[in-house]
Structures are given as structure tokens and as C-alpha cells.
Amino acid sequence: QVQLVESGGGLVQAGGSLRLSCAASGRTFSGNAMGWFRQAPGKEREFVASISGGGGTTYYSDSVKGRFTVSRDNAENTAYLQLNNLKPEDTAVYYCAARSGFGAATSFDRYVYWGQGTQVTVSS
């Protein structure tokens, strides 16, 4: 079992930055690939970024590539999502998720454990 707690969301103006954190507990963190997803009002949850258990492989959605950076600190059992050059369309609840395996994945159904989400609101 893995417990995930996100933090770092908030209200920011367009062009601004935020850093989301996802603190994990419950089992060996480095064995779990981590992913970030988001869900805007009235829309389906969508993939944002993912990182393998060792941190050597990352994936990004086209909409955030070049602006967002996913990383992890296995010693601290924490994953991060750095959000730069934010746009109003980035407004959503952001969720971190953990797989039971090591490899990064982009599909929602590959993730077993989910955090409660943190709100990111970008004003124009």
C-alpha cells in the first residue's frame, strides 16, 4: 500500500510558476513509477507527466512539454512537478499517482495509488 499527499497548488497569474510536491509513504518508493495527471471542470482526467522509479525515464504530454518538469527524490520519498510559464488552460486539480511497477507510463489505468489532488488556478 502507498499513501500519496500532494501539496503546492495555488493561484498564480499567467506566466508564473508553481512547484507541486507528492509525498509518498507505505512502501519502497524507488520501486514505484510516479505520474501526474490533471482534471479540469467538466473534462476528463488527463496525463501530464511521469517518471520511472529510478528517475531515468520521463514522459510529458504535448501540452506541457517544455514548460513542466517532473522529478523525484527517492531519499525523501517525494516526487515533484515544476510548472513554469503557466497558462489559464493549465487550471485544474492536479493528482499524483504511483504504479506498482518501476516503468513510467502515460495511461490512467496503469496507476494503482492516487493522492487527493491539489488545485492549480491560473488567472489571465
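The structure displayed is predicted, hence computed values, not measured ones. For the single chain, residues carry numbers from 1 onward in sequence order. Any value given below was found using the heavy atoms of this structure, including those in side chains, with hydrogens, waters and symmetry copies removed.
- In this structure, R99 and N32 have side chains that are not in contact, with every pair of non-hydrogen atoms separated by 4.5 Å or more.
- Using modelled atom types, no side-chain atom of Q13 and backbone atom of S123 make a donor-acceptor pair closer than 3.5 Å.
- The shortest non-hydrogen separation linking L4 to V2 is CD2-CG1, 3.6 Å.
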Handout entry: Step-by-step side-chain contact (heavy atoms from CB on, under 4.5 Å) determination, T121 to V12
Key = CA-CA 6 Å; T121 303; V12 63; over 6 Å; no

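- The salt bridge (Lys or Arg N to Asp or Glu O under 4.0 Å) check on D62 picks up K65, with sequence neighbours excluded.
- Atom OG of S17 and atom CG of N85 lie 8.0 Å apart (nearest 0.5 Å).
- Separating the OG atom in S25 from the CD atom in Q3 is a distance of 4.5 Å, to the nearest 0.5 Å.
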Exercise for the section: Apply the test side-chain contact (heavy atoms from CB on, under 4.5 Å) to residues Y111 and S100: give CA-CA distance (whole Å), side-chain angles for both, the deciding distance (0.1 Å), then the verdict. Expected result: CA-CA 7 Å; Y111 290 83; S100 58; over 6 Å; no

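- Y60 and T69 get closest at one heavy-atom pair: OH-CA, 3.4 Å.
- Minimum interatomic distance between G9 and T118 (heavy atoms only, all atoms of both residues): N-OG1, 3.2 Å.
- Residues Y95 and Q39 form a side-chain contact, since some pair of their non-hydrogen atoms from C-beta on lies under 4.5 Å apart.
- The shortest non-hydrogen separation linking A33 to R72 is CA-NH1, 4.0 Å.
- Residues G8 and L18 come closest through the heavy atom pair O-CD2, 3.8 Å.
- For residues 9-35, there are no ring pair (Phe, Tyr, Trp, His ring centres under 6.0 Å) pairs, not counting sequence neighbours.
- Residues T78 and D73 have side chains that never bring a donor and an acceptor to within less than 3.5 angstrom of each other.
- Inter-residue side-chain proximity for M34 and S50 is flagged as unmet; no heavy-atom pair is nearer than 4.5 Å.
- Residues forming a ring pair (Phe, Tyr, Trp, His ring centres under 6.0 Å) with Y59 (at least two apart in sequence, or on another chain): none.
- Under the 3.5 Å distance criterion, the side-chain polar atoms of E6 are matched with a main-chain donor or acceptor of C96.
- Grouped by direct or indirect side-chain proximity (heavy atoms under 4.5 Å, Ile/Leu/Val/Met/Phe/Trp/Tyr only), F102 sits alone.
- A donor-acceptor pair shorter than 3.5 Å cannot be found between the side chains of E89 and T91.
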Exercise for the section: Go through F108 and W114 one step at a time and tell me if the ring-ring contact (aromatic ring centres under 6.0 Å, His included) criterion holds. Expected result: CA-CA 10 Å; F108 175 91; W114 291 84; 4.9 Å; yes

Practice task
Begin with the C-alpha distance, continue with both residues' side-chain angles, and end with the deciding distance and a verdict on side-chain contact (heavy atoms from CB on, under 4.5 Å) for L86 and F68.
Solution key: CA-CA 9 Å; L86 282 159; F68 293 7; 3.9 Å; yes

Side-chain donor-acceptor distances from residues 41-48 under 3.5 Å, at least two apart:
residue	atom	partner	partner atom	Å
E46	OE2	R38	NE	2.6
E46	OE2	R38	NH2	3.1

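- In the displayed structure, Q116 atom CD is contacted under 6.0 Å by more than 12 heavy atoms of other residues, nucleotides or ligands.
- Using a distance-only test at 3.5 Å, with no hydrogens or angles considered, a donor-acceptor pair links the side chain of S52 to the main chain of T57.
- Taking the salt bridge (Lys or Arg N to Asp or Glu O under 4.0 Å) definition, one finds that R67 meets it with D90, sequence neighbours left out.
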Practice task
Please report the C-alpha distance between L20 and Y80 in whole Å, then the side-chain angles of each, then the deciding distance to 0.1 Å, and finally whether the side-chain contact (heavy atoms from CB on, under 4.5 Å) criterion is met.
Solution key: CA-CA 6 Å; L20 307 183; Y80 302 97; over 6 Å; no

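- Remark: S107 OG to F37 CZ distance equals 7.5 Å, nearest 0.5 Å.
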